[in-house]
Amino acid sequence: QVQLVESGGGLVQAGDSLRLSCTASGDPITVYTMAWFRQAPGKEREFVAGDAWAIDSTDYADSVRGRFTMSRDNGENIVYLQMDSLKPEDTGVYYCAASGNYDLDHRPRAYNVWGQGTQVSVSS
C-alpha cells in the first residue's frame, strides 16, 4: 500500500504562492486516484483538487479553480499542488489522499490512504 508524506506548507501573505508536494512510497501513484483536501479549524475536511489518472480526469473545488493547479511527476512518484493568489480563507491543514477507485470522488470517505498533513496559513 502507498504511503504519503506532504511538505511545502508555511505562512504567507494574501496574494502569495506556495507549492505543496506529496511524496509517495510503496506503490506507484499511477494506480491511484490522488486528491488534495484541506481542513480549517472547526470545519469539515473539504475537497480541493483531484486527479484520476486512469480516466484522465482532473477537477477542482469552485473556491480554488483558476488559482490552484494539481500535477503529477510519475517518474518521481510525487503529486504537487501549486497554489497562487492565496487568500486568508485558504488557511488550513492540507492533506494528500489516495484512492484505489478509478472515479474522481470529492468525498473524504472515498480515500483510504492519507498523509499527515501540512499547515498553510495565509495572512491578510
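What you see below is based on every heavy atom in this structure, not just the backbone, and it leaves out hydrogens, waters and symmetry mates.
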Is [Y] reachable from [X] through a run of I, L, V, M, F, W or Y residues, each pair having side-chain heavy atoms under 4.5 Å apart?
X   : Y   : result
L18 : L4  : yes
M70 : V31 : yes
W53 : V48 : no

- Give the intermediate values and the outcome of side-chain hydrogen bond (donor to acceptor under 3.5 Å, both in side chains) for residues Y32 and D27. CA-CA 9 Å; Y32 291 94; D27 274 338; 2.8 Å; yes
[X] side chain to [Y] main-chain N or O, any donor-acceptor pair under 3.5 Å?
X    : Y    : answer
T58  : D51  : no
Y111 : D105 : yes
T118 : G9   : yes
N101 : D103 : no
E6   : G117 : yes
R65  : Y60  : yes
R38  : G92  : no
S99  : A110 : yes

- Could you tell me how the ring of W114 sits relative to the ring of F37: parallel (under 30°), tilted (30 to 60°) or perpendicular (over 60°)? tilted
- Task: Kindly assign one of parallel, tilted or perpendicular to the pair Y94 and F68, based on the angle between their ring planes and the thresholds 30° and 60°.
- Result: tilted
If I compare all heavy atoms of [X] with all of [Y], which pair ends up nearest, and what's the gap?
X    : Y    : answer
R107 : R109 : NH1-NH2, 2.7 Å
S17  : S85  : OG-N, 4.3 Å
L104 : I55  : N-CD1, 4.4 Å
Y95  : G115 : CD2-O, 3.7 Å
H106 : D59  : NE2-OD2, 2.9 Å
V2   : A24  : CG2-CB, 3.6 Å

- D16 and V122: side chain to side chain contact (heavy atoms under 4.5 Å, CB included), yes or no, with the steps? CA-CA 8 Å; D16 286 350; V122 184; over 6 Å; no
- Query: Honestly, is R72 close enough over Y80, meaning NZ or CZ under 6.0 Å from the six-membered ring centre and within 45° of the axis?
  - Reply: no
- Task: Give, for atom CZ of R19 and atom OG of S71, the distance between the pair rounded to the nearest 0.5 Å.
- Result: 7.0 Å
- Which distance, rounded to the nearest 0.5 Å, do you find between the CZ of R67 and the CD of Q82? 12.0 Å
- Item | Side-chain heavy atoms of L81 within contact of V79, under 4.5 Å | no
- Query: Does M34 reach the side chain of C96, with side-chain heavy atoms less than 4.5 Å apart?
  - Reply: yes
- Between M83 and L20, does a side chain to side chain contact (heavy atoms under 4.5 Å, CB included) hold up when you go through it step by step? CA-CA 8 Å; M83 305 186 296; L20 304 183; 3.7 Å; yes
- Polar side chain donor-acceptor pair, T30 to N74, under 3.5 angstrom: no
- Message: Under a 3.5 Å cutoff, is there a donor and acceptor pairing between the side chains of T91 and E89?
- Response: no
- Message: Check this for me: Q116, atom CD, are more than 12 non-hydrogen atoms of other residues, nucleotides or ligands nearer than 6.0 Å?
- Response: yes
- Crowded around E76 CD? As in, over 12 foreign heavy atoms under 6.0 Å? no
